[in-house]
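Structure, as C-alpha cells:
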Amino acid sequence: MSDDYPDRDYPESAEYQQQSKKEKDPWDCGVYQTGSTRPPKDHTALFAILLAMVILLFGLVSFLSALRVKQFKNNLASQKNADSKGPISMFQPTTEPTEPEATTSVSAQSEVGVDLMPAPAAVENRPEEKGLSLQEIYSNVIDSVVSITAASADGSTSTGTGVVFSGDGYLVTNCHVISGADTVTTLFTDGRELDAAIVGQDRMTDLAVLKVEATDLKSAEFGDSSTLRVGDLAVAIGDPLGVTLRGTMTDGIISGINRDITVGGRTMTLIHTTAALNEGNSGGPLLNCYGQVIGINTMKIGDYVSSAGVEGLGFAIPSTTVKEIVEQLTSQGYVSGRPSLGLRCSSVPYFYQAYYHLPSGAYVTEVFSGSSAEAQGIQTGDILLSLDGKNVSGGDDVTQILYKKSIGDSLTAILYRSGKRYELTLTVEENVWN
C-alpha cells in the first residue's frame, strides 16, 4: 500500500501489528538470507576448557624436559668416572699390519691399448706413510684429462671428460657422452682444441675410443683395479656441469667393489666410490693414491632415486674392463659378441603420439647397411611395437631383450608403418656397426 495518504485509516493495521507481536507466523523459520535471527551461543565455557588443557599439556612437557636433563647429567657424571680409570682405545692395533706383495702386470703390452702397470697395494690412510699427496696426484694427471663436447645435427650438445691412454692421440670416454654425435671436440689443458673421430663405442660397457691428430700427448698411467680394497683412497677429476668447471678434483674412498648395477637393460659390474661425481664427470678418471687410473667414471645415482636425496653413490668402470674393451675398439672398431638387430631406436615422445596419432613403441632412427633389419625392409621412421612377444617403448627395451639372446637367434617383431601393422622375423647378429 502507498504511504501517500497518512490520514487514511486501515482498520486492520493496528490489530495486525498487535497480533504479530504475540504470535509467530508458521512460515517464519527465524532465518534470513543474510544469517540467523537467533542470538549467538555463549562459548565461554568451551574456551575455558581448551585453555586449561593447553596449560596442563605445557606443564607436562616442561616436567618431562626437566626429567631428561637430570638423567643426561647423571649419565655424564657416570661417563667421567669411567674415563678416570684410564683411556680405552677401540682402534689401537695389536700388531703391525703387513703390506701385501705387489701384483704383477695383468697382460703384456699391446701395440695400441691400455697397459696395466703393477699397482702397489694401497697404503693405509696415514699421511706419514707411502703414496702421493692429493696435490701431487692432481699435478701428475691433469694433463692427461681432456674436456669433451659432442654436438648433434639437431643442435643438441653434451659434455663430458676423457682420458688419454696413448700419446699418439687415443682417448677413452663414456659411450653415452658421444652417442649420436656428428662432431666431437676435445679441449686440452694447454689450450689446444682438436676435433676427434669416433674409433669405436660399446653401449654394453658404456665405453668409447676417440682419436685426435696429435703425437705429443701425455698418457695417463693405468693401475690394476683387481687389487682395490674397500676403504682405499679414491680421487676423481673431470668437468662437473660442463667445461666451465673443467679440471675439478674431488676425493673420497672406495665404498664397494663389484657392484652389479642395471641401467637401460644392461647390467654392469662397477666400482662404488664416495668421490663426488656429477653430470660432466662422465668419462673422467677415478684414481688411486698413486695417481693411477683404476676406473672410468660413468654414473651417479642422484636425488631422483629418493625424495630424501642420496649422496656418495658414484660408480666407475674398473680398469680391467677398460683394458679389454679399449683394445678391441682400437683394433677392430667394435667388441666381439655383442648382439644387434642392425638398427637403432629411440622412444616416441608423447606429444607426437597425440598429435600424429602414433602408437607407443621404439621409433627406428637408423637402419645399418647389410643388417638383417635392412634385409627385412625396415626403414627409418618405422615404429617397432613388440619384439619377441614383449611390448617395447624405446631403445632400452630393445637392448634389454637383445642382451638375453645369442648371435643367430630369431625374434618375431611387430612393426607399425603408415597406419598398418606388419609381422616379420629378425635375426640377432654380431654388432659391428656400434
Side-chain angles (χ1 to χ4, degrees), residues 105-120 131-150 159-174 177-178 184-200 207-225 233-240 243 245-251 275 280-298 316-323 325-327 329-331:
S105 178
V106 172
S107 65
Q109 181 178 0
S110 59
E111 183 176 357
V112 177
V114 175
D115 295 326
L116 300 186
M117 304 301 294
L132 302 178
S133 67
L134 294 177
Q135 294 85 350
E136 290 172 329
I137 293 174
Y138 185 84
S139 61
N140 288 350
V141 177
I142 187 59
D143 290 338
S144 303
V145 180
V146 184
S147 301
I148 297 176
T149 302
T159 60
T161 310
V163 181
V164 178
F165 68 87
S166 178
D168 55 353
Y170 286 93
L171 323 172
V172 61
T173 186
N174 282 153
V177 172
I178 52 90
V184 179
T185 305
T186 59
L187 178 63
F188 293 82
T189 54
D190 60 7
R192 281 185 292 177
E193 188 171 335
L194 302 175
D195 293 334
I198 300 176
V199 176
L207 289 171
V209 171
L210 305 178
K211 178 69 167 64
V212 297
E213 294 302 323
T215 57
D216 58 345
L217 302 181
K218 180 182 179 180
S219 59
E221 181 177 307
F222 283 70
D224 187 356
S225 59
L233 175 71
V235 174
I237 300 178
D239 300 354
V243 180
L245 300 178
R246 65 187 304 265
T248 297
M249 183 173 78
T250 56
D251 70 314
N281 278 110
S282 296
L286 186 70
L287 307 156
N288 62 11
C289 62
Y290 301 101
Q292 296 175 321
V293 180
I294 42 84
I296 297 297
N297 300 318
T298 183
I317 305 164
S319 60
T320 51
T321 302
V322 175
K323 173 182 173 59
I325 301 303
V326 160
E327 289 181 352
L329 293 178
T330 303
S331 62

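What you are looking at is a predicted structure, and each value in this text was computed from that prediction instead of being measured.
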Rounded distance (nearest 0.5 Å) linking atom CG of L286 with atom CD of Q292: 12.5 Å

D239 and T159: CA distance, side-chain angles, deciding distance, side chain to side chain contact (heavy atoms under 4.5 Å, CB included) verdict: CA-CA 8 Å; D239 300 354; T159 60; over 6 Å; no

Closest approach of A119 to G223 (non-hydrogen atoms, all atoms of both residues): CB-CA, 4.3 Å

Minimum side-chain heavy-atom gap V322-V163 below 4.5 Å: no

4.5 Å side-chain heavy-atom contact, I137 and L233: yes

Separation of T186 OG1 from L217 CG (nearest 0.5 Å): 8.5 Å

Heavy-atom closest contact (V293 atom, A220 atom, distance): CG2-CB, 3.8 Å

V212/L171 under side chain to side chain contact (heavy atoms under 4.5 Å, CB included): CA gap, chis, key distance, verdict: CA-CA 8 Å; V212 297; L171 323 172; 4.2 Å; yes

V235 side chain near L134 side chain, heavy-atom distance below 4.5 Å: yes

Student check: side-chain heavy atoms of F165 and V209 closer than 4.5 Å: yes

Shortest non-hydrogen contact between G113 and E327, atoms and distance: CA-CG, 3.7 Å

Rounded distance (nearest 0.5 Å) linking atom CD of E221 with atom CG of L116: 10.0 Å

Flag, side chain of R246 to backbone of L187, donor-acceptor distance under 3.5 Å: yes

Euclidean distance, D216 CG relative to D190 CG, rounded to 0.5 Å: 7.5 Å

Test item: D195 and V184 side chains (from C-beta on) under 4.5 Å apart, heavy atoms: no

Non-hydrogen side-chain atoms of L132 and N140 separated by less than 4.5 Å: yes

Between CD1 on residue I148 and CD1 on residue I178, distance to nearest 0.5 Å: 8.5 Å

D224 and T320, any side-chain heavy atoms less than 4.5 Å apart: yes

S225 to I294 - nearest heavy-atom pair and separation: CB-O, 3.4 Å

Heavy-atom donor-acceptor pair, S144 side chain to K218 backbone, under 3.5 Å: yes

Approximate separation, where rounding is to 0.5 Å, of L194 CG and T185 OG1: 9.5 Å

Steps toward side chain to side chain contact (heavy atoms under 4.5 Å, CB included) verdict (V114, S319): CA-CA 9 Å; V114 175; S319 60; over 6 Å; no

Atom of A196, atom of L210 and distance for their closest heavy-atom approach: CB-CB, 4.1 Å

Side chain to side chain contact (heavy atoms under 4.5 Å, CB included) between N174 and I317, intermediate numbers included: CA-CA 10 Å; N174 282 153; I317 305 164; 3.9 Å; yes

